[in-house]
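Here's the structure, in structure tokens; my notes come after.
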Amino acid sequence: MKAEIYAILEGPVDTNPRARAFNVFMMSLIVLNVTAIILETVPTLRAAYGPLFDRFELISIAIFTAEYIARLWSATSDPRYAESLRGRVRYALTPLALIDLLAIAPFFLALLFPLHLSITRSLRFVRLMRLFKLTRYATPLQTLGSVLRDRRDQLIICLFIVLILLLFTSSTVYLVENQAQPEVFSSIPASMWWGVATLTTVGYGDVYPITPLGRVMGGIIAILGVGIFALPAGILASGFADELDRQRTKRTQICPHCGQAFEDHT
């Protein structure tokens, strides 16, 4: 039974109809949960359908809790977590298992401990963590996670370049504009708001240089911002292309009848 439950919870959806049905059910439940969390913030809807929201929350908590317990119980079917206690602890500390725990933790914290109303309301919004549970069931989100992991070094370099450029531009515009607008560009940290708005080409217009040199700098920095933020887009596009090629190659190497890789038959 443990192996069958593990196959439903963690099995490949392409070859396991029960795993596919379970994934579709859980994705639908998560989307409905997030929708309910959003709608119940509308006062009129909360006043009219408050008991319905509460009952749906209890049903969802029961399902998510049962799923979490079932995953912990069946985790030992995976060779990586084969040890009865230590294996389950190691599984519970994996990112996806922690997301599953955070999805149900606010309910039990509010139930077990009397908390201030403001803290209780904050915990209710932590329920939006359930949205991240979709990464377990939705293949596109899994693809995105793989791309981010594979390209994390390049993305970190891009982020580092952006931070250096932000510090440089904020410091320079402070030196140029401080005397002309001491209340606006009062310090380098205050100038960073303009730097962020300009580098991202958002340009809110609430803070802007008025000196000729400052305006020239603003134009140059805006152009640099376009180029800087094009770098991560290119990295992610290349990563998505490589990941899709890997997935396409992997699908062609799997037997459509038994779901095993062809090399496993030899």
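The model shown is predicted, which means the values in this text are computed figures rather than measured ones.
Residues passing the side chain to side chain donor-acceptor pair (under 3.5 Å) test with Ser77: none are found, sequence neighbours excluded. Taking Glu57 as the reference, Arg127, Arg130 meet the side chain to side chain donor-acceptor pair (under 3.5 Å) condition, with sequence neighbours excluded. The side chain to side chain donor-acceptor pair (under 3.5 Å) test applied to Thr76 returns Lys2, not counting sequence neighbours. In terms of the side chain to side chain contact (heavy atoms under 4.5 Å, CB included) criterion, residue partners of Ile59 (sequence neighbours excluded) are, by chain and number, Ile63. Take Arg55 and apply the side chain to side chain contact (heavy atoms under 4.5 Å, CB included) test, not counting sequence neighbours, and it matches Pro51, Leu52. Residues satisfying the side chain to side chain contact (heavy atoms under 4.5 Å, CB included) criterion with Thr35, sequence neighbours excluded, are Val31, Leu39. Residues passing the side chain to side chain contact (heavy atoms under 4.5 Å, CB included) test with Val42 are Thr44, Leu45, sequence neighbours excluded. With sequence neighbours left out, the ring-ring contact (aromatic ring centres under 6.0 Å, His included) criterion links Trp73 to no other residue. Legend: residues meeting side chain to side chain donor-acceptor pair (under 3.5 Å) with Arg88, ordered by chain and number and at least two apart, are Ser84.
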Validation: residues 150-168 side-chain donor-acceptor distances under 3.5 Å, sequence neighbours left out:
unit_1 : atom_1 : unit_2 : atom_2 : d
Asp150 : OD2    : Arg246 : NH2    : 2.6
Arg151 : NH2    : Asp242 : OD2    : 2.5
Arg152 : NH1    : Arg149 : O      : 2.5

Quick one: side chains of residues 208-237, donor-acceptor pairs under 3.5 Å with protein atoms, not counting sequence neighbours, listed by atom name and distance.
unit_1 : atom_1 : unit_2 : atom_2 : d
Thr211 : OG1    : Glu177 : OE2    : 2.4
Thr211 : OG1    : Gly214 : N      : 3.1

Distance-only criterion, 3.5 Å: show the donor-acceptor pairs between side-chain atoms of residues 93-112 and protein atoms not counting sequence neighbours.
unit_1 : atom_1 : unit_2 : atom_2 : d
Thr94  : OG1    : Tyr91  : O      : 2.6
Asp100 : OD1    : Lys133 : NZ     : 2.8
Asp100 : OD2    : Arg136 : NE     : 3.4
Asp100 : OD2    : Arg136 : NH2    : 2.5

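Tracing side-chain contacts under 4.5 Å through hydrophobic residues (I, L, V, M, F, W, Y), one never reaches Ile8 starting from Tyr6; they form parts of separate clusters. Residues Leu29 and Phe53 are members of separate hydrophobic clusters, defined by side-chain heavy-atom contacts under 4.5 angstrom among Ile, Leu, Val, Met, Phe, Trp and Tyr. Both Leu199 and Trp193 are part of a single hydrophobic cluster, where members link through side-chain heavy atoms under 4.5 Å apart. By the rule that hydrophobic residues join a cluster once side-chain heavy atoms approach within less than 4.5 Å of another member, Ile37 and Tyr49 end up as members of separate clusters.
The heavy-atom pair separating Trp194 from Thr169 by the smallest distance is CZ3-O, 4.2 Å. The shortest non-hydrogen separation linking Tyr174 to Ser191 is CB-OG, 3.6 Å.
Contact of the Met192 side chain with the Ile188 side chain is registered, since non-hydrogen atoms from C-beta on lie closer than 4.5 Å. A 4.5 Å side-chain heavy-atom check between Tyr81 and Val89 finds every atom pair outside the cut-off. In this structure, the side chains of Pro43 and Arg46 stay at 4.5 Å or more apart for every pair of heavy atoms.
Once rounded to the nearest 0.5 Å, the distance linking CG of Asn33 with CE of Met26 reads 9.0 Å. Between the CZ atom in Arg90 and the CD atom in Glu83 there is a gap of 6.5 Å [rounded to 0.5 Å]. Distance CD/Glu67 to CD1/Ile5: 12.0 Å, rounded to 0.5 Å.
Residue-environment remark: CZ (Phe22) exceeds the threshold of 12 foreign heavy atoms within 6.0 Å.
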